[in-house]
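Worksheet for the structure shown next.
Note that the numbering runs from 1 along the sequence shown for the chain. Note that this is a predicted model, so its numbers are computed, not measured. Just so you know, ligand 1 is whichever comes first in the structure, and atom 1 is the first atom listed for that ligand.
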Amino acid sequence: MGNIKQVLTIAGSDSGGGAGIQADIKTFQELGVYSTSVITAVTAQNTLGLTGIYPMDRTAVEKQLKAIGTDFQISALKTGMLFNADIIEEAARGIKKYGWQNVIVDPVMIAKGGASLLQQEAVDALMNCLLRLATVVTPNIPEAEVLSGLEIHDSVSRLRAAKWILATGAEAVVIKGGHGTDTNFTEDFYLHRNGDTLTMRSPRIHTNHTHGTGCTFSAALTAELAKGNPLQKSLYTAKQFIQAAISHPLNIGAGHGPTNHAAYHKFGTKEEVQLVQ
Ligand SMILES: Nc1ncnc2c1ncn2[C@@H]1O[C@H](COP(=O)(O)OP(=O)(O)O)[C@@H](O)[C@H]1O
Ligand SMILES: Cc1ncc(COP(=O)(O)OP(=O)(O)O)c(N)n1
């Protein structure tokens with residue numbers, strides 16, 4: 001591999017290995033890109049829940065960003081759990097300073113077990129400093145409701161919320177459908193500021209093992225963009241990657257278990273992802 005693309009994740013550590021930095025690095029490895037990381041916080045977490053959050057101080061984040069920015073050629077990056085306004089501001093500063101492109105912002109707010117991964121007062125910093133730098137922002141439905149200030153209950157309100165989110169300056173948004181109410185399907189909806197849309201639908205898998213789905217989806221998108229793939233093709237691959245990862249659970253832990261990051265390559269895809277109008 002002479003010319004492997006280099007990517008960066010700016011995110012929190014999940015001791016349980018299903019989400020956060022650990023999910024990102026596994027996904028990057030599977031999709032053939034070289035992963036660097038800036039750790040924003042250490043969490044004590046397993047499939048049963050989260051028992052501690054230990055954020056890095058501002059200098060620790062700045063020094064990690066500098067270490068990456070002064071040595072690596074980053075083709076794409078993603079942000080995950082940023083936790084507080086200081087870390088958000090530092091991440092935004094680094095992205096601008098080192099001129100990084102293909103910026104995926106996963107606006108992580110609440111873990112599946114209910115723990116808060118973003119301080120309430122940091123939402124403004126996220127919206128004012130970081131979203132304007134985003135090539136794609138990837139909220140789940142509750143996060144999209146917070147960012148837009150609107151309730152999402154159907155495709156019309158989802159489109160309205162997506163437009164509000166683009167008003168922050170992000171180039172494109174994907175509202176992920178894991179928290180949707182349809183028991184048969186999950187639908188991820190993409191809107192670009194140029195008006196392009198894409199709706200990706202796949203069968204909903206009825207399983208408890210969905211810890212880290214959002215991290216994994218956004219990491220796959222980051223890897224595909226780093227390799228030079230067009231945005232909509234990258235989104236499609238990311239959706240196929242997460243569908244495979246949920247379809248073949250590892251059955252680890254007594255609670256919300258991790259997905260299987262090796263499944264996309266090990267088992268292939270079953271052409272389950274449909275594009276709908
Ligand atoms: N039960 C499920 N079956 C199939 N796909 C799912 C399921 N849950 C989530 N996904 C997919 O996983 C990705 C992450 O979605 P979501 O769960 O909404 O994000 P988050 O983990 O940030 O809450 C999306 O592509 C979504 O469609
Ligand atoms: C350290 C860390 N980062 C992010 C998350 C949330 O990940 P996500 O992919 O949104 O998955 P769920 O928590 O919804 O399962 C996390 N838990 N920990």
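Considering backbone and side-chain N/O atoms, Thr216 never comes within less than 3.5 Å of an N/O atom of ligand 2. In terms of polar-atom proximity, defined here as any N/O pair under 3.5 Å, Thr43 makes no such contact with ligand 2. Where the criterion is an N or O separation shorter than 3.5 Å, residue side chain and backbone included, Gly214 meets it with respect to ligand 2. Taking any N or O of Glu143, backbone or side chain, none lies under 3.5 Å from an N or O belonging to ligand 1. Of the polar atoms of Ile110, none of the N or O atoms is found under 3.5 Å from an N or O of ligand 2, judged by distance alone.
For ligand 1, the atoms closer than 4.0 angstrom to any heavy atom of Lys239 are 25 (O), 26 (C), 27 (O). The His179 neighbourhood of ligand 1 comprises atoms 18 (O), 23 (O), with distances under 4.0 Å to a heavy atom of that residue. Residue contact check: Met81 has heavy atoms under 4.0 Å from atoms 1 (C), 3 (N) of ligand 2. Applying the 4.0 Å criterion to heavy atoms of Gln243 picks out, from ligand 1, the atoms 4 (C), 5 (N). Listed by number with element, the atoms of ligand 1 under 4.0 Å from a non-hydrogen atom of Pro203 are 4 (C). Listed by number with element, the atoms of ligand 1 under 4.0 Å from a non-hydrogen atom of Arg204 are 1 (N), 3 (N). In the vicinity of Ala111, heavy-atom distances shorter than 4.0 Å reach the ligand 2 atoms 13 (O), 17 (N).
Taking only non-hydrogen atoms, the option from Thr259, Thr216, Thr213 nearest to atom 17 (O) of ligand 1 is Thr213. The residue from Asn140, Leu221, Thr186 that puts a heavy atom closest to atom 20 (P) of ligand 1 is Asn140. Nearest residue to atom 21 (O) of ligand 1 from Ser218, Ser202, Gly214 is Gly214 (criterion: closest heavy atom).
Using a 4.5 Å heavy-atom cutoff, the side chains of Arg204 and Asn184 are not in contact. Leu77 is listed as a side-chain neighbour of Ile95, based on a closest heavy-atom distance under 4.5 Å. You'll find the side chain of Ile205 reaches within 4.5 Å of the side chain of Gln243, heavy atoms only. Contact of the Thr138 side chain with the Leu221 side chain is registered, since non-hydrogen atoms from C-beta on lie closer than 4.5 Å. Considering only heavy atoms from C-beta on, Leu147 stays 4.5 Å or farther from Trp164 through its side chain. Within the 4.5 Å cutoff, no side-chain heavy atoms of Leu118 are placed close to those of Val108. Between Phe72 and Leu8 the shortest side-chain heavy-atom distance does not fall below 4.5 Å.
Contacts between Lys112 and ligand 1, counted as non-hydrogen atom pairs separated by less than 4.0 Å, involve the side chain only. Counting heavy atoms closer than 4.0 Å to ligand 1, residue Met200 contributes nothing at all. With a 4.0 Å cut-off on non-hydrogen atoms, Thr210 touches ligand 2 through its backbone and not its side chain.
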Between Asp188 and Lys239, is the salt bridge (charged side-chain N to carboxylate O under 4.0 Å, His left out) condition met? List the steps. CA-CA 8 Å; Asp188 297 353; Lys239 179 76 171 151; 3.7 Å; yes
Verify side chain to side chain donor-acceptor pair (under 3.5 Å) between Asn208 and His256, making sure each step is shown before the conclusion. CA-CA 5 Å; Asn208 212 17; His256 281 292; 3.2 Å; yes
I'd like to know whether Gln274 forms a side chain to side chain contact (heavy atoms under 4.5 Å, CB included) with Ser202, so could you lay out the CA-CA distance, the side-chain angles of the two residues, the decisive distance to 0.1 Å, and finally the verdict. CA-CA 6 Å; Gln274 295 174 338; Ser202 63; over 6 Å; no
Give the C-alpha distance, both sets of side-chain angles, the deciding distance and a yes or no for side chain to side chain donor-acceptor pair (under 3.5 Å) between His211 and Asp14. CA-CA 11 Å; His211 178 54; Asp14 169 9; 2.8 Å; yes
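The side chain to side chain donor-acceptor pair (under 3.5 Å) contacts involving residues 111-135 comprise Lys112-Thr213, where partners must be two or more places apart or lie in separate chains.
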Determine all donor-acceptor pairs shorter than 3.5 Å in which one atom belongs to a side chain in residues 263-271; sequence neighbours excluded.
from	atom 1	to	atom 2	distance (Å)
His265	ND1	Glu30	O	3.0
His265	ND1	Glu30	OE1	3.2

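Judged by the shortest distance from any of its heavy atoms, Ser13 lies inside the 4.0 Å radius around the atoms of ligand 2.
Using a 4.0 Å cut-off between a side-chain N of Lys or Arg and a carboxylate O of Asp or Glu, Lys176 and Asp106 qualify as a salt bridge. Taking a cutoff of 4.0 Å between a charged side-chain nitrogen and a carboxylate oxygen, Lys78 and Asp24 qualify as a salt bridge.
Atom 14 (O) of ligand 2 has Lys112 CG, 2.9 Å as its closest protein atom, hydrogens excluded (heavy atom only). Among all protein heavy atoms, the one lying closest to atom 6 (C) of ligand 2 is Leu117 CD1, 3.7 Å. Ile246 CD1, 3.7 Å is the protein heavy atom nearest to atom 7 (C) of ligand 1. Of the protein's non-hydrogen atoms, Gly212 N, 3.2 Å is the one closest to atom 11 (O) of ligand 2. When only non-hydrogen protein atoms are considered, atom 9 (C) of ligand 1 lies nearest to Gly178 CA, 3.5 Å. Summary of contacts: the protein heavy atom closest to atom 9 (O) of ligand 2 is Cys215 N, 2.8 Å. For atom 17 (N) of ligand 2, the closest non-hydrogen atom on the protein side is Gln45 OE1, 2.8 Å. For atom 25 (O) of ligand 1, the closest non-hydrogen atom of the protein is Asp188 OD2, 2.5 Å. The nearest heavy-atom contact from the protein to atom 1 (N) of ligand 1 is Ile205 O, 2.9 Å. In terms of protein heavy atoms, atom 22 (O) of ligand 1 is closest to Lys176 NZ, 2.8 Å.
Annotation: cation-pi pair Arg201/Phe185 present, NZ/CZ under 6.0 Å from the ring centroid and within 45° of its normal.
Of the N and O atoms on the side chains of Thr259 and Lys26, not one donor lies less than 3.5 Å from an acceptor on the other residue.
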